[in-house]
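One-based numbering, in listed order, for ligands and for the atoms of each.
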Amino acid sequence: MSDQVNPYRLASRQWKKEGTRISVKGVEIGGDELFIIAGPCAVESEEQLDTIAAFVSSHGAQFLRGGAYKPRTSPYSFQGLQKEGLRLLQQASLKYGLGVITEVMDLSLLDEVYPYTDIIQVGSRNMKNYHFLKELGKVNKPVLLKRGMDATMEEWLLAAEYLLVGGNEQVILCERGIRTFDDSTRNTMDIASISLAKELSHLPVLADPSQGTGSSDLIKPLSMAAIVANADGLMIEVHNNPAEALSDGPQSVNFAQFKDMIPGINATAKIMGKKSPLTPESKKEKVLNY
Ligand code: PEP
Ligand code: MN
């Protein structure tokens, strides 16, 4: 296989024909069932996270998302609850039986965040932080690698290659929209990249229509489109009161909007021959004793 044709090797389908399945917290990512991550953009308070975790778990989401350390464009914006945010994620995950995914913004925070998260989220702004990727290649925990907002498919897969070549085989790709000339949406959700990444690579591919569109109205159609494009799952920002959210309110669906998307998501999953964990009717409170 020549360098020109295929600069990434370990990430390629040529290297590994069958899709990679990653088991974490009793869930298989890249398998027959959609993987659903839901939760707020940022952890804001105990009450906020508990309310959202209770809601998303009762509708079948397997993982809770929420930034404890947030990469914000402005230094004046809410930066996250940091250590307290991590503690709240752990508390909600134990209470509701959810896995946790949260972003590690840089190497200096890896040791602190590591014990609190089941999947390490590498943000779009860090996809080209190659030194960081090398270090995460040594880690024995799944990494969700967001596509850089200015990254080509090849750059994205080469970023995944950094993790794989370092020895971490638990890599999940996540399309989250790219910057284009069109500013009518926050980013341009590149649905084609989902199908293409699945063709070119054996790694599981998720879609994040929240960062991808910036608009809560567009989450339902784009989630369905992503599934039809062969996504293995979705990462969706959900808030109990989006108007008051401290981060990414306009792109966070409220509880009614989340419920409203479930039948469409389940129907498209079925078309694609996949199961969906989501249930439109709230399951009985799935509260674990802890
Ligand atoms: C997020 O998931 O809230 C986030 C900051 O994502 P991204 O790195 O894709 O912008
Ligand atoms: Mn966000």
- Message: As a test of reading the structure, name the N/O/S atom of Asp248 that is nearest the Mn ion (ligand 2).
- Response: OD2

- From Ile101 atom CD1 to Leu206 atom CG, the distance as rounded to the nearest 0.5 Å: 7.5 Å

- Please, which pairs that meet salt bridge (Lys or Arg N to Asp or Glu O under 4.0 Å) have at least one residue in residues 224-245, sequence neighbours excluded? Arg65-Glu237, Lys198-Asp232

Under 3.5 Å, side-chain donor or acceptor atoms of residues 74-81 against the rest of the protein: list the pairs with distances, not counting sequence neighbours.
unit_1, atom_1, unit_2, atom_2, d
Ser74, OG, Tyr76, N, 3.0
Gln79, NE2, Ser74, O, 3.3
Gln79, NE2, Ser77, O, 2.7

- Item | Non-neighbouring partners of Asp50 that pass salt bridge (charged side-chain N to carboxylate O under 4.0 Å, His left out), sequence neighbours left out | Lys95

Please tabulate, line by line, the atom pairs linking an N/O of ligand 1 to a protein N/O at a distance below 3.5 Å, with the distance in Å to 0.1, or answer 'none'.
unit_1, atom_1, unit_2, atom_2, d
ligand 1, 2 (O), Arg65, NH1, 2.8
ligand 1, 2 (O), Arg65, NH2, 3.3
ligand 1, 2 (O), Gln121, NE2, 3.1
ligand 1, 2 (O), Lys146, NZ, 3.0
ligand 1, 2 (O), Gln211, NE2, 3.2
ligand 1, 3 (O), Arg65, NH2, 2.9
ligand 1, 3 (O), Lys70, NZ, 2.9
ligand 1, 3 (O), Gln211, NE2, 3.3
ligand 1, 3 (O), Glu237, OE2, 3.2
ligand 1, 6 (O), Lys146, NZ, 2.9
ligand 1, 8 (O), Ser124, N, 2.7
ligand 1, 9 (O), Lys146, NZ, 2.8
ligand 1, 9 (O), Arg176, NE, 2.7
ligand 1, 10 (O), Arg125, NH1, 2.9
ligand 1, 10 (O), Arg176, NH2, 2.8

- Parallel, tilted or perpendicular: rings of His59 and Phe258 (30°, 60°): perpendicular

- Message: Please tell me whether Asp182 and Ser184 have a donor and an acceptor in their side chains that are separated by less than 3.5 angstrom.
- Response: yes

- Query: Which of the N/O/S atoms in Glu237 sits closest to the Mn ion (ligand 2)?
  - Reply: OE2

- Asp32 with Arg21: basic N within carboxylate O range, under 4.0 Å: yes

